[in-house]
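The residues of the chain are indexed from 1 along the displayed sequence. Predicted, not measured: the structure shown is a model, and the values here were computed from it.
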Amino acid sequence: MTARIVLGGLGVAGFLVLAELAGRAGVIPHVLPYVSDVLVEAARLPLEAQFMADVAATLAACASGLAIAIAVAVPAGLLFGTVPFMERSARPLVEFLRPIPSVSLIPLAMFLFPDSHDAKTALIVYTCSWPLLINTMYGLGDVDPLAKETLRSFGFGPLAVVLRVSLPSAAPFIATGVRIAVSVTLIVSVSVELLAPGGGGIGAFLSLAGSANRIDRMLAATVWAGLIGLAANLLFTAGERRLFRWHEARTGEAA
């Protein structure tokens with residue numbers, strides 16, 4: 001793990017050095033600022049109250065949208081995964097709605113929800129529900145049938161079987177769905193903020209910097225957006241590995 005981190009850091013540092021040299025040599029168009037200027041501006045942004053308020057607005061929408069998506073999609077996945085009739089009835093609708101890009105729904109969301117925060121939350125819920133729903137259903141399909149039959153033989157009802165066997169067994173898959181959804185929330189939130197900057201957020205900051213022709217501030221804010229997304233992914237990946245170490249061991253034995 002340490003070697004991977006070191007190699008990754010060296011790769012990023014090497015790319016930044018090459019980009020800086022390319023800019024100084026005139027290979028990169030002069031309309032773009034030097035990498036060093038962008039990094040200096042990125043170091044200054046956390047000291048600006050407005051930027052931190054915009055980051056907080058984006059993260060608040062991401063957190064609320066993800067929480068609602070989990071509350072809706074996971075129970076729906078449990079229902080579809082345990083009741084075959086419901087799954088067969090809902091499958092055509094799911095397969096129709098799932099490929100629709102969330103970005104194409106931004107105008108509709110802005111029309112239905114005039115408040116920018118509500119529009120962001122609604123689109124985040126829509127986008128995050130699919131990986132959560134599909135992973136929950138897939139996880140239920142991986143449950144050991146013998147474990148369910150054993151519990152039924154002791155007189156436990158369908159709900160008890162779901163809570164005691166199906167849900168714990170599907171938990172690693174649900175966690176994977178959450179991790180995938182987390183990486184999507186930031187993209188959706190910033191996309192809405194770019195088109196509806198009235199409610200603040202990182203996208204609104206990018207839009208304002210672009211209108212002022214401050215490309216360095218735009219790129220610096222983009223750097224922070226990437227770092228936030230990377231940090232969230234690493235955090236959830238570490239938590240997933242720690243909580244479901246037994247699942248990784250079982251998967252390794254099966255392989």
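- The heavy-atom pair separating Ser129 from Ala69 by the smallest distance is OG-CB, 4.0 Å.
- The cluster map of Ile, Leu, Val, Met, Phe, Trp and Tyr, joined by side-chain heavy atoms under 4.5 Å apart, puts Val223 and Leu186 in the same cluster.
- With values rounded to the nearest 0.5 angstrom, Met110 atom CE is found 6.5 Å from Leu195 atom CG.
- Atom CG of residue Leu112 and atom CG of residue Leu105 lie 10.0 Å apart, to the nearest 0.5 angstrom.
- Note that CG of Leu39 is 10.0 Å distant from CG of Leu219, once rounded to the nearest 0.5 Å.
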Open item on the list: Could you go through Val178 and Phe236, starting from their C-alpha distance and side-chain angles, then the distance that decides it, and tell me whether this counts as side chain to side chain contact (heavy atoms under 4.5 Å, CB included)?
Closed with: CA-CA 8 Å; Val178 172; Phe236 276 83; 3.8 Å; yes
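- Proximity of a side-chain donor or acceptor of Ser189 to a complementary backbone N or O of Thr185 within less than 3.5 Å is not detected.
- Nearest heavy atoms, Pro46 versus Ala42: CD-O, 3.2 Å.
- Under a 3.5 Å cut-off, the side chain of Asp54 and the backbone N or O of Ile202 do not form any donor-acceptor pair.
- Side-chain heavy atoms closer than 4.5 Å link hydrophobic residues (I, L, V, M, F, W, Y) into clusters, and following such links, even through other members, never connects Leu194 to Ile187.
- Between Arg91 and Glu95, at least one side-chain N (NZ, or NE/NH1/NH2) sits under 4.0 Å from a carboxylate O, which counts as a salt bridge.
- Two residues are said to be in side-chain contact when any heavy atoms from C-beta on lie closer than 4.5 Å; Leu133 and Phe80 meet this criterion.
- Looking only at side-chain heavy atoms (C-beta outward), Trp130 and Val94 come within less than 4.5 Å of each other.
- If you take CG on Leu108 and OH on Tyr126, they are separated by 10.0 Å, rounding to the nearest 0.5 Å.
- With rounding to the nearest 0.5 Å, the separation of CE in Met86 from CG in Leu79 is 4.5 Å.
- Residues Phe205 and Glu48 form a side-chain contact, since some pair of their non-hydrogen atoms from C-beta on lies under 4.5 Å apart.
- Lys120 and Gly200 make their closest contact through NZ-O, 3.9 Å (heavy atoms, listed as atom of the first residue, atom of the second, distance).
- Leu66 and Ala181 make their closest contact through CD1-CB, 3.8 Å (heavy atoms, listed as atom of the first residue, atom of the second, distance).
- The line from CZ of Arg217 to CG of Leu45 is 5.5 Å long, rounded to the nearest 0.5 Å.
- A continuous path of ILVMFWY side-chain contacts below 4.5 Å connects Val83 to Met137, so both sit in one hydrophobic cluster.
- Side-chain contact check for Ile180 versus Asn135: some heavy-atom pair is nearer than 4.5 Å.
- The shortest heavy-atom contact between Gly77 and Leu140 is O-CD1, 3.4 Å.
- Looking at residues two or more places apart in sequence or on another chain, you find a side-chain hydrogen bond (donor to acceptor under 3.5 Å, both in side chains) between Thr127 and Ser102.
- Across Leu123 and Ala109, no two heavy atoms sit closer than the pair CG-CB, 3.8 Å.
- Ile68 and Ile134 fall into different hydrophobic clusters, where Ile, Leu, Val, Met, Phe, Trp and Tyr side chains are chained together by heavy-atom contacts under 4.5 Å.
- Contact check for Met218 versus Ile215: side-chain heavy atoms found under the 4.5 Å cut-off.
- The backbone N or O of Ile100 sits nowhere less than 3.5 Å from a side-chain atom of Ser104 that would complete a donor-acceptor pair.
- Between the side chain of Ser207 and the main chain of Gly203, no donor-acceptor pair closer than 3.5 Å is present.
- Using a 4.5 Å cut-off between side-chain heavy atoms of Ile, Leu, Val, Met, Phe, Trp and Tyr, with links allowed through other members, Leu59 and Leu227 fall into the same hydrophobic cluster.
- In this model, no donor atom of one side chain and acceptor atom of the other lie less than 3.5 Å apart for Glu193 and Ser116.
- Annotation: side chain of Tyr34 is in contact with side chain of Asp37 (closest heavy-atom distance under 4.5 Å).
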